[in-house]
Amino acid sequence: MRVKISRTSVEGEVFAPPSKSYTHRAITIGSLSEKCVVRRPLISEDTKATIHACKMLGAQINEEKGDLFIEGVKGKPHIPEDVIDVGNSGTTLRFMTAVASLVDGVSILTGDNSLRTRPNGPLIEVLHDLGVEVISTLNNGCAPLVVKGGLKGAIAKIDGSISSQFISALLIACPLTSKSTTLSIKGELRSKPYVNVTLEILREAGAEIFEDSNHNIKFIIPPNQDYNLRDYLVPGDFSSASYLLAAAAMTGSRVVVKNMFPSQQGDMAIIGILKQMGAGISWDKDNGRVTVNGRDLKGVRVDAAATPDLVPTIAVLGAVAEGQTVIENAEHVRYKETDRLHAMAVELKKMGVSVKEDQDKLTIKGGKLKGSELHGWHDHRIVMALTIAGMVAGDTTVDTAESIFISYPNFFDDVRSLGADVVVNKQ
Ligand SMILES: O=C(O)C1=C[C@@H](OP(=O)(O)O)[C@@H](O)[C@H](O)C1
Ligand SMILES: C=C(OP(=O)(O)O)C(=O)O
C-alpha cells in the first residue's frame, strides 16, 4: 500500500486511539485472571496477535461491540495445540514467552521476518536461571523460540538496556509461581515507563510486587498470587497521538486531540517536547484534551531513553525546526520493527535534511523539506512520521503504508478527517 501526501495543514478535533501497551497488558493479565472485560481496547494487528496467543494458551476471548470478554485460565495456561505466530509484535513475543514458561509442557513461538531478527537473549538467559529451558532454534537469541515450561521463583539478574519488555514479561509471570523471585536490573533500564504501565495493571489485578530503587532497580515478587482483573477501561495512546500533535505543530494549525488522560505512559513527554520546541500547547487533564497551535519550531535536545517510540516523531519535528535537534540515548530504538535511527536518517536525507547518525544518537539540522518518494520500511511508526513530514513537503509518497494496521488502523482516516490531503493507493 502506498500513500500520496500533498502539502496541507490540519485543523479540528480528533479522538486518540486506545493505548496499544495498555491493551496488550489488559488482555494478557485478563487472560491469566478468572473472568475479565477489557473496555475500549485497541484492535490492531499487534493486539490481535496477543488475543490469538492468549486463546492458544487456553483463554476464551470474545469481542462484543468493541469490548473484549475474557474467560481466563486462572494462572494456569494450557499447552498450545499449534505453533503460536505473533506476527510483528515484540510485546506479544516477550510476554507470551514468559506466559508459556508457566505451561506444564512445550510451546513454540514465532513471528514475521522483522520479529525473527529482534533480540531476546537476556530474557532467554534469565528464564534459564528461573528453571525454564528456552531454545532459540537458530541459536541466535531470536524467534522461533521453543519454551519448555517449569518457571520457578529464584534470585535473578537481567540486562535492562535492550528492552523493558523482558522485565514486564517476568513481572507478569513470576507472581504466579510457587517460590518468590528477586529480579535485579543490571545497568540502565531503558523504556522504564512501560514497566510502570505493567505494574499499574498488575496492581489493579491485585498483585503485590515491591520495587527497590536504592541502587540498581530490584523487584521483589512474592509467590502463589492470583490475578483478578475484572473490568478494565483502556486509556488513549500518547505514542499514536504524537503524530496528530506533531502534524498540527509542523503545519502551523490548531488541532485538539481528545481521550488524552494522564496515565503511566512515558510518551506523555511529547507535550513537554512540543512546548520546548515553541509550539502553543495546552493539556486539560480533567477533560483529556490536548490543544496544539502550530508556530515556528526550534530545535531541541531530547533524551530518548524512556520514550523510544517518540523518536520518529521527534525526528520529523526536528527536520522542520530551526536549528539543531539532538535525539540521544537512543540505541534501543535500533531494535524495533526496523532500525528506526537508521531508517529515519535515510528517509530524511532523501527529503534534503542534514542528519548525522551515531550509534545511540541522531543529530538533525532543520530546514526546508522537499517532496520525495520515501520508503516506510514496513514499520508503522516510520510510515506515520513520514506521512506528517509529507504534509509539510508536499508531493511525497510513502510505501509499505499498510504497516499502520500494526498500531493505529484509523491513522489515515483520522488525518483526513482533519483535512490532510492523503490518498491511499491499495497496490
Ligand atoms: O512494553 C511495551 O508495551 C513497549 C515497550 C517499548 O519497547 P522496549 O522496552 O523494547 O524499548 C516500546 O518501544 C514498545 O512499543 C512497547
Ligand atoms: C516497538 C513497538 O512495538 P513492539 O515492540 O511490541 O513490536 C512499537 O509499537 O513501536
Side-chain angles (χ1 to χ4, degrees), residues 17-29 42 44-50 53 86-98 111-123 142-143 158-172 185 188-202 234-235 237-243 263-267 269 304-313 329-341 343-344 360 376-385 403-409 411:
S19 156
K20 175 164 83 80
S21 292
Y22 275 92
T23 300
H24 278 305
R25 287 157 174 80
I27 296 167
T28 306
I29 296 165
L42 174 74
S44 70
E45 293 302 319
D46 268 13
T47 58
K48 282 185 205 162
T50 288
V86 302
N88 189 248
S89 176
T91 311
T92 314
L93 178 68
R94 278 74 178 252
F95 286 12
M96 295 307 142
T97 299
D112 71 4
N113 290 342
S114 153
L115 193 66
R116 284 186 277 106
T117 65
R118 294 176 65 184
N120 302 292
L123 181 61
C142 301
I158 183 159
D159 178 349
S161 67
I162 293 176
S163 172
S164 69
Q165 292 171 357
F166 306 148
I167 292 127
S168 285
L170 295 165
L171 293 175
I172 291 170
I185 312 302
E188 189 195 350
L189 171 54
R190 297 229 166 158
S191 305
K192 168 79 166 56
Y194 293 96
V195 172
N196 296 341
V197 174
T198 308
L199 290 170
E200 182 193 317
I201 307 197
L202 282 170
V234 176
D237 193 310
F238 279 80
S239 325
S240 298
S242 76
Y243 309 103
S263 73
Q264 292 293 336
Q265 290 172 73
D267 287 0
T307 57
D309 292 357
L310 290 182
V311 166
T313 314
N329 273 327
E331 186 171 353
H332 54 320
V333 180
R334 294 188 183 277
Y335 312 133
K336 305 295 179 190
E337 284 78 332
T338 189
D339 175 343
R340 289 179 177 158
L341 289 191
M344 288 311 296
D360 73 342
W377 297 69
H378 303 273
D379 182 326
H380 51 131
R381 299 203 190 281
I382 304 293
V383 169
M384 292 189 279
S403 51
I404 58 146
F405 293 115
I406 293 293
S407 64
Y408 191 170
F411 175 67

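These numbers were taken from a predicted model, which means no experiment stands behind them. Just follow the structure's listing: the first ligand is 1, and inside any ligand the first atom is 1.
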Q: Go through ligand 2 atom by atom and flag the ones less than 4.0 Å from a non-hydrogen atom of N88.
A: 7 (O)

Q: State whether the shortest distance between N or O atoms of H24 and N or O atoms of ligand 2 falls below 3.5 angstrom.
A: no

Q: So do the side chains of R340 and T338 get within less than 4.5 Å of each other, counting heavy atoms only?
A: yes

Q: Kindly indicate whether the side chain of I406, heavy atoms from C-beta on, has any atom under 4.5 Å from the side chain of R381.
A: no

Q: Please check this pair: side chain of S191 against backbone of Y194, looking for a donor-acceptor N/O pair closer than 3.5 Å.
A: no

Q: Salt-bridge test for K336 and D379: reply yes if a basic N is under 4.0 Å from a carboxylate O, no otherwise.
A: no

Q: Are the side chain of S242 and the backbone N or O of L310 linked by a donor-acceptor pair below 3.5 Å?
A: no

Q: Should you measure from each heavy atom of P308, which atoms of ligand 1 turn up under 4.0 Å away?
A: 11 (O), 13 (O)

Q: Of the protein's non-hydrogen atoms, which lies at the shortest distance from atom 5 (O) of ligand 2, and what is that distance?
A: R118 NH2, 2.8 Å

Q: Do the side chains of S89 and H24 get nearer than 4.5 Å, heavy atoms only?
A: yes

Q: For ligand 1 and R190, I'd like to know whether there is a polar contact (N/O to N/O, distance under 3.5 Å).
A: no

Q: For ligand 1, is H24 a contact, meaning one of its heavy atoms is under 4.0 Å away?
A: no

Q: Would you mind finding which of E337, H380, K336, R381 brings a heavy atom closest to atom 2 (C) of ligand 2?
A: E337

Q: Under 4.0 Å, heavy atoms only, figure out whether ligand 2 is touched by the backbone of T91, its side chain, both or neither.
A: both

Q: Does ligand 1 have an atom under 4.0 Å from some heavy atom of S168?
A: no

Q: Among side-chain atoms of S44 and D46, is any donor-acceptor pair under 3.5 angstrom?
A: no

Q: Tell me if a side-chain donor or acceptor on Q265 pairs with a main-chain N or O of F238 at a distance below 3.5 Å.
A: yes

Q: Of all the non-hydrogen atoms in the protein, which one sits nearest to atom 9 (O) of ligand 1, and at what distance?
A: S164 OG, 2.5 Å

Q: Under 4.0 Å, counting heavy atoms only: does T92 come that close to any atom of ligand 2?
A: no

Q: Would you say H332 contacts ligand 2, with heavy atoms under 4.0 Å as the rule?
A: no

Q: Applying a heavy-atom cut-off of 4.0 Å, say which part of I406 lies close to ligand 2: side chain, backbone, both or neither.
A: neither

Q: Please report which non-hydrogen protein atom sits nearest to atom 10 (O) of ligand 1, along with the residue it belongs to and the distance in Å to one decimal place.
A: S163 OG, 2.6 Å

Q: Counting non-hydrogen protein atoms only, what is the nearest one to atom 16 (C) of ligand 1? Give residue, atom name and distance.
A: Q165 NE2, 3.5 Å

Q: Which pair of heavy atoms, one from N196 and one from Q264, lies closest together, and at what distance?
A: CB-OE1, 3.5 Å

Q: Check whether any side-chain heavy atom of F95 sits under 4.5 Å from a side-chain heavy atom of T50, and report yes or no.
A: no

Q: Under 4.0 Å from a heavy atom of Q165: give me the atoms of ligand 2 that qualify, with their elements.
A: 4 (P), 5 (O), 6 (O)

Q: Please confirm whether the backbone N or O of Y335 pairs with a side-chain atom of R118, one donor and one acceptor, at under 3.5 Å?
A: yes

Q: State whether the shortest distance between N or O atoms of R94 and N or O atoms of ligand 1 falls below 3.5 angstrom.
A: no

Q: Can you pull out the closest protein heavy atom to atom 3 (O) of ligand 2? Residue, atom name and distance to 0.1 Å, please.
A: K20 NZ, 3.0 Å

Q: Would one find an N or O of K336, backbone or side chain, under 3.5 Å from an N or O of ligand 1?
A: yes

Q: Got a donor-acceptor contact below 3.5 angstrom from the H378 side chain to the S403 backbone?
A: no

Q: Check R334 with D360, please: is the shortest side-chain N to carboxylate O separation under 4.0 Å?
A: no

Q: If you have a sec, work out which protein heavy atom is nearest atom 4 (P) of ligand 2 and how many Å separate them, to one decimal?
A: G90 N, 3.5 Å

Q: To check your reading of the model: name the closest protein heavy atom to atom 13 (O) of ligand 1, its residue, and the distance in Å.
A: D309 OD1, 2.6 Å

Q: What protein heavy atom lies closest to atom 3 (O) of ligand 1? Include the residue and the distance to one decimal.
A: S21 OG, 2.7 Å

Q: Purely on distance, is any nitrogen or oxygen of S191 under 3.5 Å from one on ligand 1?
A: yes

Q: Answer yes or no: is there a donor N or O on one side and an acceptor on the other, between the side chain of R116 and the main chain of G111, under 3.5 Å?
A: yes

Q: Do me a favour and list the nearest non-hydrogen protein atom to atom 1 (O) of ligand 1 with residue, atom name and distance?
A: R25 NH2, 2.6 Å

